[in-house]
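Reading through the structure tokens given below for one structure.
Order of listing sets the numbers, starting from 1, for every ligand and every atom in it.
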Amino acid sequence: MLANITGEHEGIFLHRSQQEPLLASGREHLAQLLGPTSQRTEALSRFEQYACDLWDGLAEIYDVAKIWFTVVEFIAQGINERPPSLVVRDNERLNNPDWFQLPEALGYVAYTDRFAGTLQGVTSHIDYLRELGVTYLHLMPLLRPRTGENDGGYAVADFRTVREDLGTIDDLAALADSLHQTHIALTLDVVLNHVADQHEWAIKAQSGQQKYRDYFHMFPDRNIPDTYEENLPEVFPDFAPGNFTWDEPSQSWIWTTFNSWQWDLNWANPDVFCEFVDIFAFLGNKGVDCFRLDALAFLWKRAGTSCQNQPEVHFITQALRAAMRIIAPAVIFQAEAIVAPTDLVAYLGVGEHAGKDSDLAYHNSLMVQVWSALASGDSRLLATALNASEAIPPTTSWATYLRCHDDIGWAIDDVDAQAMGLDAFEYRKYLSSYYAGELEGSQARGAHFQTDLSTGERRTSGSAASLAGIQAAVESSDTHLLTTAIDRLMCGYSMVLGYGGLPLIYMGDEIGLMNDDRYLQIPEHAADNRWLHRPMMPWPAVDQRRDSSTLAWQVFTRMLALISARKHLPALHAGIPCIVVATPNPAVVVFHRAHVDGDLIELYNVSDAAQTLPTSSTGPLAGHHVTEVLSNSVISLDTPTITLEPYSVWWLTAQLT
Ligand code: OTU
């Protein structure tokens, strides 16, 4: 990074200037293009600060000299169009860069229509979000999708228009403004890997325009597709087998990793890069604070590989991130890379990308391990897997979650499983059977999603409450089962809130919302059982959160207690690593988060029986009087052992609350 960057003089890019005079002339070009914006000086110094990151990212994949000035022009336009109110926000964020890492940060994930009908409707539910303590709202895809099937909006036909029934782009800006006033950040999906076949670029490609054919991967015959196909897995083997689709109008095989109407973009084409700088600037200037980069792992294609997690993905992200840091420093990136545990940390920037990649990434390994521990009643695999993962850069954060709109892919690493004496394939099969409710003793009510006949792997759909056993308990009117199931759900959510990172609550989980099979009546949804856990928000049930005789109350009250306890625990800052401590009793998970203001030791009984373990498992707290923050009680850790009730959770700290 460059030190001492001030003033509009030549020779700023000291160590680069001999090699790359274009860096300096890029700055001059920007200086000429910037209008009399109030942040001219700041924008130029941001360019000086991040131009090298941008250059290095681009240089790895494109002929950077050829596109440098064009990229600078897109950046200039983004800066010139940034509204003054968002410039104020930029400065606030620059002064508080860890806003998404704080213990009080809390995410909520919802579909606009399913949560509140329209964007304007969301405004009228901001009070509810505030009641929960939400500081980060991810509204699921809301840009104009293709007509007909559209993968829940992940087949975008226009990145600059809002889906008609949800509102307009002005409604989006107005909502962002209202959210900002109540200290809630807004996250939107931007699908980088593909666009809908009805997107203007695809239509132009289909009609033979070479410029746009180059935006995609189009092949005249099966030769190249067949070569790639040898190593490509299938994301949707049930309803979208294969990775290429024959397109009659263009007489081409088109790369379509997901559905046949989701056309993969060709990121080797710098025009695609520039288009997305422009899209990010446009949406960022409407007030979007974070972009969830959908299907990021798939951007770069390399024959002989699975075409996932290729190194180029990180150079592309670095370049996009640098461009946005210059245009709109308030904006951050959330990587959506649901990949093997060993590939995950790279999305938060490792090695040369440290601090330059995404700010947030889904911790899908934690999600899988929590469900796995709750099924097996055993914490050892979780400990092995989580401790095996590399530390994340301290300026980044995991996005932790128990459920999302997608299925659960059982990402159990073969090596981790072997270390536990487990056969990974058999164990994954066990988990999917367990959560489909097929095994003796399982109260889960999930469903199999996408059984891959070639590998035998299958994934799982179902809401958190239904997977935790709440649905089975309600259906059988068994109050004991219900209490246990609620405890199990809360044990899982407590790990999500206690691991460290930005916890994401998936809409409805806070009131124990169950599976909803009405998707079967909607023709475009019927084949995709992920809609089982994408229900409408039942506001009358939400209102029951004030009635202590209801399920909604039981779950909501405990969720609020967790959230408010979390806020006051400095040890939960996302920049601090979480160590999973081995204990002699494998039914108890122990997290240790060290902090100068007091260590936090968290105990989770992941089984349905009471469990005793040596008090020494509480590490530095053993022998002391400590506070259990969830019940706000004082516990004396001066006995040789401690006992936790089934699924109970203790968050222990020496700190007085
Ligand atoms: C993402 O999914 C979205 O979250 C899904 O809802 C979309 O269908 C998909 O992209 C295509 O846009 O690509 O990086 O169900 O876990 O496909 C991983 C499988 C993804 C998802 C996976 C994921």
Item to check | Pair Phe216 and His199, ring centroids less than 6.0 Å apart | outcome: no

Checklist entry - Is it true that Tyr362 and Tyr401 have ring centroids separated by less than 6.0 Å? => result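 Close enough - the centres of the two rings lie under 6.0 Å apart.
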
Does ligand 1 have any N/O pairs with the protein under 3.5 Å, and how far apart?
from, atom 1, to, atom 2, distance (Å)
ligand 1, 2 (O), Glu336, OE2, 3.4
ligand 1, 2 (O), Asp406, OD2, 3.3
ligand 1, 4 (O), Arg292, NH2, 3.0
ligand 1, 4 (O), His405, NE2, 2.9
ligand 1, 4 (O), Asp406, OD2, 2.4
ligand 1, 6 (O), His405, NE2, 2.9
ligand 1, 6 (O), Asp406, OD1, 2.8
ligand 1, 6 (O), Arg530, NH1, 3.4
ligand 1, 8 (O), Asp151, OD1, 2.9
ligand 1, 8 (O), Asp151, OD2, 2.6
ligand 1, 8 (O), Arg530, NH1, 3.2
ligand 1, 10 (O), Asp294, OD1, 3.2
ligand 1, 10 (O), Asp294, OD2, 3.2
ligand 1, 12 (O), His194, NE2, 3.0
ligand 1, 12 (O), Asp294, OD2, 2.8
ligand 1, 14 (O), Glu336, OE1, 3.1
ligand 1, 15 (O), Asp407, OD1, 2.3
ligand 1, 15 (O), Arg459, NH2, 3.3
ligand 1, 15 (O), Arg530, NH1, 3.4

Checklist entry - Looking only at heavy atoms, what is the nearest atom pair of Cys404 and His533, with distance? => result O-CD2, 3.4 Å

Next on the checklist: Any salt bridge linking Arg459 with Asp406? Criterion: basic side-chain nitrogen under 4.0 Å from a carboxylate oxygen.
Outcome noted: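 Answer for the salt bridge query: no.
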
Checklist entry - Strictly by modelled atom types, are Asn243 and Tyr228 linked by a side-chain donor-acceptor pair under 3.5 Å? => result no

Checklist entry - Can you list the steps and then say if Trp255 with Ile224 is a side-chain contact (heavy atoms from CB on, under 4.5 Å)? => result CA-CA 11 Å; Trp255 199 310; Ile224 297 174; over 6 Å; no

